[in-house]
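I have placed the structure first, in the form of structure tokens, so that the comments after it can refer back to it.
As the structure lists them, so they are numbered: ligands from 1, and atoms in each ligand from 1.
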Amino acid sequence: MRIDLMAGMSTGAAARSVAAPPTILVFDSGLGGLTVLEQVRRGRPDAAYVYAADDAAFPYGRLSEPVLVERVLGVMERLIGLHAPDLVVVACNTASTLVLPALRQRFTTPFVGVVPPIKPAAEATRSRVISLLATPGTVARAYTHDLIETYASACAVTLVGAPNLAGFAEAELAGMPVDDVALAREIAPCFVTLPDGRRTDVVCLACTHYPLLLARFQALAPWPVRWIDPAPAIARRVTQLLGPGDRNGPDAAPVLGAFTGGTGLTGPLRHSLAARGIASVAVEAMPLGLQ
Ligand code: DGL
């Protein structure tokens, strides 16, 4: 693919002319990035896609910051070498809130990250009581705290670092859903009533795994709230950077799956992946600690 930048425009905001369908690599620690892949494919159905899951290191939410930075740089080096993508979507809040500057410094490939949707949540709330549901890693990040200070200083924000939810979402996709009690326990701290009676009306889905469980969250919520998934905005950003492509072109090729572990690739999970357009999966073993 060729990307032409218009004279005088910076890389990020440039208008581009596209000569051939791009290859887009969507990356996550596991299966959460599938929720982003789905939206990005809607925007650019003509593109070639690689869905890369660093499942050997899953879950990222438990890794220390220095370990996570080294891990993502190492895995990305391998993935970029193998697939030469035109653009990478880091479909993981836990990684994006930490590693994007290092990725941009190391590689020339453009990166689009997924970060907690604090700004749209602050715009959507009426009660000014919002919650951020994320991994323990994401709620601890300085980046997340800066976003809150910048966009939601007028709101009461509850940070909920759910230790098990990403794993629950993976189990759901593999056909082994956890029970309602376990799920309700993880989301319960999101629902807050202040002494003045105002209560949470918006919850940010700040981990890409969580939209996989959205229907169950809605059923288990003690009262209705608006759940904000940043994936559609990410897809718009990708289309803005790469251009709209040819919507009348030939059908897109199946997505190639690339896993670093592969131990969880059971029959039911492969079936779920195939239903999401990932018909073939390659395992490039990369155990945690060996990057
Ligand atoms: N899907 C990831 C995120 O958006 C992380 C899940 C994990 O590996 O802990 O944060």
F168: ring-ring contact (aromatic ring centres under 6.0 Å, His included) partners, not counting sequence neighbours: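 Counting only residues at least two positions away or on another chain, F168 forms no ring-ring contact (aromatic ring centres under 6.0 Å, His included).
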So, using ring-ring contact (aromatic ring centres under 6.0 Å, His included) as the criterion, who are the partners of F58 when residues are at least two apart?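 Once residues adjacent in sequence are excluded, the partners of F58 under the ring-ring contact (aromatic ring centres under 6.0 Å, His included) criterion are H209.
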Examine distances only and state if a side-chain atom of Y49 and a backbone atom of L37 form a donor-acceptor pair shorter than 3.5 Å.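 No, the answer is negative, given that no donor and acceptor are paired below the 3.5 Å cut-off.
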Between R216 and D180, is there a side-chain N and carboxylate O pair less than 4.0 Å apart?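 Yes, this pair counts.
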Check R71 with D54, please: is the shortest side-chain N to carboxylate O separation under 4.0 Å?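 Salt bridge flag = yes for R71 with D54.
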Would you be so kind as to tabulate the donor-acceptor pairs closer than 3.5 Å made by side chains of residues 74-83, with sequence neighbours excluded?
from : atom 1 : to   : atom 2 : distance (Å)
E77  : OE1    : R106 : NH1    : 3.1
R78  : NH1    : E284 : OE1    : 3.2

When you look for protein heavy atoms under 4.0 Å from ligand 1, which residues do they belong to?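 The 4.0 Å shell around ligand 1 contains D28, S29, F58, P59, Y60, G61, C92, N93, T94, T135, A166, C207, T208, H209.
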